[in-house]
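Please read these numbers as outputs of a predicted model, since none were measured by experiment.
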Amino acid sequence: MRNIFALLLTLALAGSWLQYAGAKPQFNSVNEYDAHGQPCPLRTRSGNLCPQLCVSDVQLCPPGHGDDSCSDGQHLCIDGTCSDKCGDIPSRKNLCGCAFQYPPKQAQGLVPCAAFSEVTIDHYNPDDTDRLFEFCSDEFNITGTAPVWGEWSADQELPDTAEDDNGRRFWAGTQCPKAPKYRYTYDEPLWIGVFSCVGAEALILLIWFVYKYVREIPIRRMRRSDSGFNTTSAATVTPSDKVPAKESVIDQESKTSNVSSAKSDDEPTLRIKGYKNDILGWVGFISVLLVSLGWFVWIGFWVGDYYGTLGEVASLSHYNSELLDETMIAIWIFALVWLVVCCIVQKRIRNFFRLECLPSEGTCVQIERKLEELKISSTTAKLVAYAKRIEDGFTKITRSNYHVQTCMIEQSPHAGLRYFNYMCTRYVFNESTQQFTPYNFDLGTTNGQLRRHVDGLTSDEAASRLELIGHNFISVDVPSYFVAFVLEVSTFFYLYQLMVMWIYYYWNYYVVGCVSTGIILISAVVKVVVSVRSEKRIKRMAEHSEPCEILRDNKWQILSTIDLVPGDVFKVTAGMHIPCDAAVLGGNIVTDESSLTGEPLPIRKFAIRNDQGEFDQHGSSKINTMFSGTSASQAMSTTASDGTVSEPIGLCLHTGTQTDKGQLVQEILFPQPISFIFNEQLRLVFMILIVYAIIVFVLAMVFYQTQPSSAFIYAIFSMSQLVSPLLPAALVMGQSVAASRLKKLGIYCVNLPRIIMAGKVSVFCFDKTGTLTTEKLSHYGGLCARNTGDSWAFDP
């Protein structure tokens with residue numbers, strides 16, 4: 001306790017002292033004051049101290065410093081050297097131009113005299129120009145006044161002849177004025193071309209916006225009158241006996257039900273908007289793509305000018321490095337803003353350049369589904385909650401909390417129904433509700449109602465239902481490696497990395513930039529390869545088909561399992577993969593459900609009874625139901641008491657994504673966002689880094705004693721060190737390596753960020769051992785136990 005009190009007292013005294021202590025840096029010029037604060041004495045200096053003398057006519061030069069300083073037949077040239085022909089070297093530069101690329105008007109009529117010899121000046125003070133001019137004038141017998149030409153006003157003209165000059169001469173050399181700050185006149189061909197492209201793009205966007213606004217007036221009026229016309233829900237169809245499903249749909253009202261009975265009642269509502277193409281929209285969309293690519297070309301253009309690859313260094317900016325920096329920064333900022341906006345709206349930008357219309361009239365639809373995060377674990381920390389609110393506000397503004405997808409509308413070949421496929425599910429346009437809805441056939445709720453379908457379907461009924469629900473086939477679209485790579489690098493993190501790399505390339509850090517770019521590209525390629533290979537594995541697992549005997553038109557026909565629709569009756573054979581969720585109508589069937597439910601032992605399935613008992617495939621009727629994705633180990637016929645033989649047959653109830661297997665594949669391909677405590681804390685970490693980076697940026701701009709353009713680039717460098725552009729690459733590379741290791745163990749992952757979440761799991765509870773094992777248990781060994789009195793011991 002005494003030590004703590006002493007420590008607190010020490011801190012208090014230190015704080016009181018710091019309260020009144022202060023320091024202010026004092027910068028003194030070299031050799032101006034001594035250690036005691038007294039002015040340093042002026043010393044004697046010798047050398048070429050006199051500045052270059054410039055005159056309007058070489059005849060005004062002092063004796064021995066004009067043409068008479070050269071050998072016979074030679075003349076004094078503008079670069080201060082003697083030559084027979086002063087115009088033989090075009091690259092000669094006038095010393096009176098002070099090495100300016102574009103000398104001021106006052107210097108264009110001046111020529112230099114020959115350089116003066118060494119002089120010795122007592123009490124030399126380089127800042128006292130008047131005394132220096134007076135000494136040099138007396139030393140070399142220069143008469144008349146000798147002002148520095150840079151002190152002339154901008155509108156002052158030089159005398160036309162030596163006679164008008166009245167003997168005045170002009171000093172230059174070390175007394176040159178500060179170089180003028182060059183500016184673009186913007187009538188250069190380069191800028192004329194740039195402004196023409198920018199103006200053309202602005203004109204295209206303006207014309208398209210006005211054109212789109214006028215053409216979409218009717219659809220906006222309809223939206224105001226009926227705000228729910230572009231939402232959808234699922235429809236359940238109850239087909240009557242021997243009546244095509246299409247005829248039942250016409251009078252069927254849309255009601256909120258489930259796509260599959262296995263889904264929950266909180267199915268998210270989809271917002272569907274119809275769009276159709278327009279030639280003017282194509283022009284606008286292509287122009288946006290070209291401008292986006294043009295920004296990268298334009299930045300690379302100025303980076304090349306920095307290194308002189310387009311000619312001389314800074315040739316495009318009047319050979320002025322400061323102007324080059326300012327130009328590069330302006331282009332970089334404009335490109336960043338443009339690309340960030342495109343990155344935010346990339347899911348909607350294509351439809352912006354389409355005309356909105358009724359979904360039933362469009363060539364494609366835009367589907368928006370709000371993403372609801374599933375919180376596994378959370379924290380009550382206030383900072384984390386505040387970071388979450390900031391993120392929610394940003395996602396609300398940018399609408400990035402919606403899954404947006406554009407689907408092309410197709411037309412069925414027979415009935416001409418308009419439909420699209422979304423998340424492996426077919427949505428068909430319902431004429432009665434004027435909505436696109438997925439259809440689910442209700443074949444009955446009792447055993448007796450299901451048994452009435454024992455005769456199967458006719459070919460017309462099957463064709464009609466097939467057009468409503470689609471093929472019994474989960475089509476998994478796997479992008480090519482190139483498309484997957486483009487989608488991967490079009491995210492915000494890669495945009496941030498790319499824009500920082502441009503700064504590295506520009507400011508002579510091209511070696512670091514090339515290495516970093518290589519790491520980023522390699523990590524992106526590795527992630528794409530791992531993801532695409534995993535998706536191909538899922539595709540092989542989901543897309544399964546085989547020949548099957550189906551009862552059509554009261555005849556058994558060998559068709560593909562892809563052609564199964566609800567209401568079909570099919571034969572079950574040993575070793576067959578069950579193609580759909582089906583009710584057993586006859587025979588005894590033994591199925592292996594370990595791949596779907598993890599059940600370790602085979603399960604015997606019995607035919608449903610011909611009674612009015614309720615049929616619940618996930619409840620009491622589970623022993624009468626075969627599930628898609630399982631396999632039939634045995635299929636046996638049964639003989640009734642009257643001698644009737646019943647073959648092992650099944651009644652198709654659900655197909656595609658309406659089955660349990662389909663829902664499992666759907667959840668794998670389209671996972672729900674999960675909020676883990678790791679993700680919530682990571683938000684706070686990134687926000688702290690961003691705030692810290694902004695502070696560093698401001699400090700660098702304020703205290704970095706250099707040109708503002710150089711300070712800005714230095715500030716960007718400082719920010720990039722806090723939020724390293726290689727951080728996302730490191731995370732992606734770690735996830736990809738982990739995914740490749742899991743693949744060797746037979747575990748496939750298509751959503752790599754979930755691996756990080758799995759790594760944070762310390763306790764995993766299983767409901768039964770069947771989830772971990774199969775029916776193929778093998779005896780490994782045993783241990784003998786003996787009683788030691790207090791406990792049991794095992795012999796090795």
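Between the side chain of Ser531 and the backbone N or O of Val528, no donor-acceptor pair lies under 3.5 Å. Thr561 places a side-chain N or O within 3.5 Å of a backbone atom of Glu546 that can act as its donor or acceptor partner. Although no hydrogens or angles enter the test, the distance criterion places a donor-acceptor pair under 3.5 Å between the side chain of Thr659 and the main chain of Gly662. With hydrogens and angles disregarded, a donor-acceptor distance shorter than 3.5 Å links the side chain of Ser412 to the backbone of Leu417. Between the side chain of Gln366 and the main chain of Tyr275, no donor-acceptor pair closer than 3.5 Å is present. Between the side chain of Asp553 and the backbone N or O of Ser459, at least one donor-acceptor pair lies under 3.5 Å. The backbone N or O of Glu368 sits nowhere less than 3.5 Å from a side-chain atom of Gln405 that would complete a donor-acceptor pair. A donor-acceptor pair is defined here as one N or O able to donate and one able to accept, closer than 3.5 Å; such a pair exists between the side chain of Gln434 and the backbone of Glu431. No donor-acceptor pair under 3.5 Å is formed between the side chain of Arg271 and the backbone N or O of Lys370. Without hydrogens or angle criteria, Arg369 side chain to Tyr402 main chain gives no donor-acceptor distance under 3.5 Å.
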Stepwise, does the side-chain hydrogen bond (donor to acceptor under 3.5 Å, both in side chains) test hold for Ser432 with Asn430?
-> CA-CA 6 Å; Ser432 61; Asn430 191 330; 2.6 Å; yes
Kindly indicate, with the supporting measurements, whether the criterion side-chain hydrogen bond (donor to acceptor under 3.5 Å, both in side chains) is fulfilled by Thr425 and Thr657.
-> CA-CA 6 Å; Thr425 302; Thr657 55; 2.7 Å; yes
Test salt bridge (charged side-chain N to carboxylate O under 4.0 Å, His left out) on Glu488 and Lys527 and set out the steps.
-> CA-CA 9 Å; Glu488 175 67 20; Lys527 182 180 179 180; 3.4 Å; yes
Applying side-chain contact (heavy atoms from CB on, under 4.5 Å), run through Phe296 and Leu339 and close with a yes or a no.
-> CA-CA 10 Å; Phe296 295 114; Leu339 295 174; 3.5 Å; yes
Please report the C-alpha distance between Arg426 and Tyr439 in whole Å, then the side-chain angles of each, then the deciding distance to 0.1 Å, and finally whether the side-chain hydrogen bond (donor to acceptor under 3.5 Å, both in side chains) criterion is met.
-> CA-CA 8 Å; Arg426 174 173 291 192; Tyr439 285 90; over 6 Å; no
Between Trp332 and Met499, is a side-chain contact (heavy atoms from CB on, under 4.5 Å) present by the stated rule, with each step listed?
-> CA-CA 8 Å; Trp332 187 84; Met499 297 308 293; 3.6 Å; yes
Worked check of side-chain hydrogen bond (donor to acceptor under 3.5 Å, both in side chains) between Asp581 and Ser628 | CA-CA 5 Å; Asp581 288 353; Ser628 176; 5.0 Å; no
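Counting non-hydrogen atoms of neighbouring residues, nucleotides and ligands closer than 6.0 angstrom, the NE2 atom of His403 exceeds 12 such neighbours. Counting non-hydrogen atoms of other residues, nucleotides and ligands closer than 6.0 Å to CZ of Arg533 gives a total of 12 or fewer. For Lys347, the NZ atom is loosely surrounded, since the number of other residues' heavy atoms within 6.0 Å does not exceed 12. Few gaps surround CZ on Phe670; more than 12 heavy atoms of other groups in view lie less than 6.0 Å from it. No more than 12 heavy-atom neighbours from other residues, nucleotides or ligands sit within 6.0 angstrom of CD1 on Ile558. Within 6.0 Å of CZ in Phe209 there are 12 or fewer heavy atoms belonging to other residues, nucleotides or ligands.
Taking CD1 of Ile520 as the start and OH of Tyr494 as the end, the distance is 8.5 Å to the nearest 0.5 Å. Rounded to the nearest 0.5 Å, atoms CD1 (Ile333) and CE (Met328) are 10.5 Å apart. Taken from CE in Met501 to CD1 in Ile299, the straight-line distance is 13.0 Å, to the nearest 0.5 Å. Taking NZ from Lys539 and NZ from Lys536, the interatomic distance works out to 10.0 Å, rounded to the nearest 0.5 Å. Here the CZ atom belonging to Arg354 is positioned 3.5 Å from the SG atom belonging to Cys364, to the nearest 0.5 angstrom. Rounding to the nearest 0.5 angstrom, the gap separating the SG atom in Cys357 from the CZ atom in Arg215 is 10.0 Å.
The pair Glu356-Lys212 fails the salt-bridge criterion, with no side-chain N (NZ, NE, NH1 or NH2) lying under 4.0 Å from an Asp/Glu carboxylate O. We find that Asp568 and Arg552 are joined by a salt bridge, their nearest charged nitrogen and carboxylate oxygen being less than 4.0 Å apart.
Classified by interplanar angle (parallel below 30°, tilted 30° to 60°, perpendicular above 60°), the ring pair Tyr186/Phe195 is tilted. In this pair, Trp302 and Trp298 present their aromatic rings perpendicular. The plane angle is above 60°, beyond the 30 to 60° band. Relative orientation of the Phe352 and Trp208 rings is perpendicular, given thresholds of 30° and 60° on the angle between their planes.
When each of Phe436, Tyr419, Phe420 is paired with Tyr427, the ring pair (Phe, Tyr, Trp, His ring centres under 6.0 Å) condition holds for Phe420 and for no other.
Using a 4.5 Å cut-off on side-chain heavy atoms (C-beta onward), Leu559 and Pro547 make no contact. Between Val532 and Val478 there is a side-chain heavy-atom pair separated by less than 4.5 Å. No side-chain heavy atom of Leu468 sits under 4.5 Å from any side-chain heavy atom of Val565. Proximity of Gln346 to Leu487: side-chain heavy atoms (C-beta onward) are nowhere separated by under 4.5 Å. Using a 4.5 Å heavy-atom threshold, the side chains of Asp278 and Trp282 count as separate. Looking at Ile349 and Val288, their side chains come closer than 4.5 Å, going by heavy atoms from C-beta outward. The shortest side-chain heavy-atom distance between Leu355 and Tyr211 falls under the 4.5 Å cut-off. The shortest side-chain heavy-atom distance between Ile367 and Cys407 falls under the 4.5 Å cut-off.
With 3.5 Å as the limit, one finds no donor-acceptor pair spanning the side chains of Asp660 and His654. Thr406 and Asn351 share a donor-acceptor pair across their side chains, judged by distance under 3.5 Å alone. Ser287 and Glu201 form a side-chain donor-acceptor contact under 3.5 Å, judged by distance and modelled atom types alone.
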